[in-house]
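Each chain gets a letter, A, B and so on, in the order its sequence line appears, and its residues count up from 1.
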Amino acid sequence: DAKTTQPPSMDCAEGRAANLPCNHSTISGNEYVYWYRQIHSQGPQYIIHGLKNNETNEMASLIITEDRKSSTLILPHATLRDTAVYYCIVRVAEGEPRNQWSTGNQFYFGTGTSLTVIP
Amino acid sequence: DTAVSQTPKYLVTQMGNDKSIKCEQNLGHDTMYWYKQDSKKFLKIMFSYNNKELIINETVPNRFSPKSPDKAHLNLHINSLELGDSAVYFCASSQVSEQFFGPGTRLTVL
């Protein structure tokens with residue numbers, strides 16, 4: 001069962017900010033929010049992750065609501081190369097006890113949001 | 001330099017055959033993974049291997065067996081291939097939190 005909900009598709013004009021929402025209302029206290037993207041025919045690429053504070057790196061910003069039940073990935077100036085499927089994932093950090101399979105909590109990427117950047 | 005590499009990129013084979021997919025990472029990571037992405041694009045974890053500890057996803061058939069000759073390699077061997085095994089298989093590695101994925105191996109079982 002997916003632990004996140006994302007819109008199936010979005011369009012964004014080139015040069016504008018792309019705001020990709022994600023709902024994770026059942027997130028646990030020790031689970032992080034991760035974002036990955038997958039450009040056609042390539043392996044997934046890590047973008048950013050966070051626990052409860054907003055995060056920013058050279059690729060994107062991650063805004064997590066105070067109740068942690070949703071988050072938004074922001075690509076500040078979308079380019080054509082940002083066209084991809086974006087996955088929002090909640091999971092425990094690497095150092096956490098490795099019980100995610102024994103408890104049936106499998107690491108699903110879900111269906112993601114297909115972002116198309118339009119020239 | 002390629003961080004995570006997989007061979008072959010494409011693999012076409014007949015039902016019932018045995019095949020292997022190789023994965024190598026040059027990042028010095030301790031943990032490696034195998035994922036399967038099916039036709040519906042769901043990316044599901046199959047195995048995790050960390051410092052000689054293999055963590056098996058119980059839903060994976062025992063026809064699939066990961067083998068790690070050393071920390072930099074995690075190969076996937078598949079026995080008695082079935083039509084439903086057709087998918088793209090991704091290898092990944094990680095050290096702390098970020099996972100680095102390989103380019104994928106597209107397996108087609110005829």
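- Residues B:Ile21 and B:Phe100 do not share a hydrophobic cluster, defined by chaining ILVMFWY side chains whose heavy atoms lie under 4.5 Å apart.
- Contacts with chain B (heavy atom to heavy atom, under 4.5 Å) involve these residues of residues 46-56 of chain A, listed by number: A:Tyr46, A:His49.
- No more than 12 heavy-atom neighbours from other residues, nucleotides or ligands sit within 6.0 angstrom of CG on B:Asn62.
- Within a 6.0 Å sphere centred on CZ of B:Arg106, heavy atoms belonging to other residues, nucleotides or ligands number 12 at most.
- Put simply, A:Tyr86 and A:Ile63 are part of two different groups of oily side chains (I, L, V, M, F, W, Y) that touch within less than 4.5 Å, one to the next.
- At a threshold of 4.5 Å between side-chain heavy atoms, the hydrophobic network of Ile, Leu, Val, Met, Phe, Trp and Tyr places A:Tyr87 and B:Tyr33 in one connected group.
- The structure places OH of A:Tyr34 at 8.0 Å from CD of B:Gln99, a figure rounded to the nearest 0.5 Å.
- What you find for B:Phe90 and A:Gly43 is that their closest heavy atoms are CE2-CA, 3.3 Å.
- Applying the side-chain hydrogen bond (donor to acceptor under 3.5 Å, both in side chains) test to every pair with at least one member in residues 8-24 of chain B, sequence neighbours left out, gives these pairs: B:Thr13-B:Asn17, B:Ser20-B:His77.
- Only the side chain of B:Gln37 comes within contact range of chain A, judged by heavy atoms closer than 4.5 Å.
- Clustering ILVMFWY residues whenever any of their side-chain heavy atoms sit less than 4.5 angstrom apart, transitively, puts B:Met46 in a cluster other than the one holding B:Val4.
- Taken together through direct or relayed side-chain contacts under 4.5 Å among Ile, Leu, Val, Met, Phe, Trp and Tyr, A:Val85 and A:Ile74 form parts of separate hydrophobic clusters.
- A distance of 10.5 Å separates OH in A:Tyr36 from CG in B:Leu43, rounded to the nearest 0.5 Å.
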